Every structure is written in C-alpha cells, then in structure tokens.
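Working notes for the structure below.
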Amino acid sequence: MSRNTADRKAPLVELPIATSDGIFLAHYSERGLAELDFPNTDGLIAPAGHGNAEPRKPAHPEHATDPQRIPTQFLRWHRTTTEALKRVLAGRAVKALPPLDWTGKTEFQQSVWREMLKLGPGQTKSYGEVAKAIGKPKAVRAVGGACGANPIPVVVPCHRILAAHQKIGGFSSGLDRKRDLLARERINL
DNA sequence: GACAGATGAAGGA
DNA sequence: TCCTTCATCTGTC
C-alpha cells in the first residue's frame with residue numbers, strides 16, 4: 001500500500017465553470033486539473049471526493065484568482081475542462097481532457113480512475129468488472145472506495161460504475177445526481 | 001493495527 | 001425474491 005498523501009500539493013488556481021447545472025469549481029495545480037467540485041442544489045459548492053466536507057460559497061469571478069495573472073497554460077486547460085464537462089453533462093463523448101494531477105493518490109486509485117476514463121457515454125461497468133480489469137478481481141470493495149475518493153467526478157466518470165446486476169450502487173455527491181447523469185446518457189437501471 | 005466501506009456471492013426462508 | 005451473513009481488499013486514522 002502506498003500512502004503518499006503528504007506530498008500532495010495544494011491546487012494553485014481555482015476557476016469556476018458555469019453550466020446549466022450550476023457553477024462547478026475546477027482546481028488546477030502546476031501539473032493539471034486536480035479537483036472538480038459539484039455545485040449544490042442550494043447554490044453552494046460541494047467538494048468532491050470527501051462527502052462530509054462542508055459546502056462552501058462558490059467563488060464569484062471577482063473573488064476567484066485574478067484572470068490577468070493566470071498563466072495561459074491554466075486558461076488552456078480550463079477551456080478543455082469546460083468543454084469536456086459540458087459534453088459529459090450533455091451525454092456526449094469527451095474529445096479531449098487536460099492533464100490530470102493525481103499527485104499524492106495511490107497507484108490503486110489511479111488505476112481505478114484510468115479504467116473509468118476508458119468508458120464512453122452510455123457504457124457502464126460494475127465495481128467487480130473494474131476490479132477484474134485492473135487485475136485485482138477481489139478488490140471490489142476497494143474499487144468502491146477509490147470511486148468515492150475520485151477528486152474529479154463527471155470528467156472522470158465514476159457515475160458509470162454500477163453495482164452488480166445493474167443496481168445503482170452509491171455516489172459521493174448523491175444518488176439523485178448519479179441517476180441524473182446516467183439518464184442523460186440514456187442508461188436505464 | 002484496527003476499522004470502515006459506493007461489493008459480491010452464497011445460503012436460507 | 002428478499003434478507004442475512006461472510007469473505008475479501010484497500011484506504012484512513
């Protein structure tokens with residue numbers, strides 16, 4: 001077991017993404033997209049991957065990092081992230097992703113998330129199938145844990161991972177949101 | 001090291 | 001079917 005959360009670097013830039021679902025908040029480090037926070041139904045932003053964290057106010061443009069001082073590389077990544085997010089929310093295939101910063105995450109988690117990235121719109125896998133795909137067929141519960149720790153939901157499509165027999169399983173940001181995302185991809189449970 | 005967890009499978013009613 | 005129990009593996013504290 002590798003445990004290297006200590007060298008996790010704090011994101012350098014936070015940028016909001018306005019969608020029909022609300023304002024998502026993307027966190028970028030010098031390595032790429034590090035986190036994506038869901039908007040809450042009440043307008044607050046729910047941090048991804050840590051369900052018991054306190055929701056917080058969305059960063060208004062005037063409070064977010066000053067656009068004038070953001071390196072163009074971050075702006076390029078943000079354009080790619082915005083496009084990818086909007087495509088997923090529309091149930092369409094993602095054309096391109098920015099580099100993803102999984103620094104500090106374990107090898108196991110990264111292999112689970114890489115497996116999720118292989119799934120296109122309308123495609124699903126069970127936790128057991130993901131466990132098999134990464135060569136650890138008995139690590140089904142651990143796959144669930146890795147899904148819950150996913151810092152970049154929607155873009156890394158943890159909502160496409162179902163429990164056995166097409167049951168919905170769980171979702172750190174709420175089962176309703178998972179059902180909604182699946183419905184947009186015409187996935188019937 | 002102990003414990004919890006977004007599972008899965010098997011067995012019994 | 002539905003429910004309960006248990007095996008299994010990994011992450012977190």
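Worth knowing before you read on, the calculation uses all heavy atoms, side chains too, and leaves out hydrogens, waters and symmetry mates. This one's a predicted model, so the numbers in the text were calculated from it and none came from an experiment. Naming: A, B, ... by sequence-line order, numbering from 1 per chain.
A salt bridge links Glu83(A) with Arg87(A): the distance from a Lys NZ or Arg NE/NH1/NH2 to an Asp or Glu carboxylate oxygen falls below 4.0 Å. Between Arg177(A) and Asp180(A) there is no salt bridge, since no side-chain N of the basic residue sits under 4.0 Å from a carboxylate O of the acidic one. A salt bridge links Glu115(A) to Lys118(A): at least one charged side-chain nitrogen sits closer than 4.0 Å to a carboxylate oxygen.
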Might you work through the side-chain contact (heavy atoms from CB on, under 4.5 Å) test for Val112(A) and Ile134(A), ending with a clear yes or no? CA-CA 7 Å; Val112(A) 169; Ile134(A) 63 174; 3.8 Å; yes

Give every pair of a protein N or O atom and an N or O atom of nucleotides 7-13 of chain B that lie under 3.5 Å apart, one pair per line with the distance.
residue : atom : partner   : partner atom : Å
dT7(B)  : O4   : Arg141(A) : NH1          : 2.6
dG8(B)  : OP1  : Gly128(A) : N            : 3.2
dG8(B)  : OP1  : Ala164(A) : N            : 3.4
dG8(B)  : OP2  : Ala164(A) : N            : 2.5

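The side-chain hydrogen bond (donor to acceptor under 3.5 Å, both in side chains) contacts involving residues 152-164 of chain A comprise His159(A)-Glu185(A), Arg160(A)-Glu185(A), where partners must be two or more places apart or lie in separate chains.
Across every non-hydrogen atom of Glu129(A) and Thr124(A), the tightest pair is OE1-O, 4.5 Å.
Spacing between atom CD of Glu107(A) and atom C1' of dC9(C) amounts to 17 Å, rounded to whole angstrom units. Rounding to whole angstrom units, CZ of residue Phe108(A) and C1' of dC9(C) are separated by 7 Å. Rounded to whole Å, atom P of dC9(C) lies 12 Å from atom CD1 of Ile134(A). Here the C1' atom of nucleotide dC9(C) and the CD atom of Gln109(A) are 13 Å apart, to the nearest Å.
Looking at heavy-atom distances under 4.0 Å, Ala139(A) makes contact with sugar-phosphate atoms alone, never a base.
A donor-acceptor contact closer than 3.5 angstrom is absent between the side chains of Thr19(A) and Asp21(A).
Side-chain N/O atoms of Ser172(A) include none lying less than 4.0 angstrom from OP1 or OP2 on dA6(B). An OP1 or OP2 oxygen of dT10(C) is reached within less than 4.0 angstrom by a side-chain nitrogen or oxygen of Lys136(A).
The backbone N or O of Lys105(A) sits less than 3.5 Å from a side-chain atom of Gln110(A), completing a donor-acceptor pair.
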Just to be sure I follow the notation: if a pair is Watson-Crick (purine N1 to pyrimidine N3 plus N6-O4 or O6-N4) or a G-U wobble (N1-O2 and O6-N3), each under 3.5 Å, what dot-bracket string does DNA chain C give, with | for pairs to another strand? |||||||.|||||

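Between Phe38(A) and Phe24(A), the angle of the ring planes lies from 30° to 60°, which puts this pair in the tilted group.
Nearer the 5' end of DNA chain C, as judged by each residue's closest nucleotide, is the contact made by Lys138(A), out of Ala146(A) and Lys138(A).
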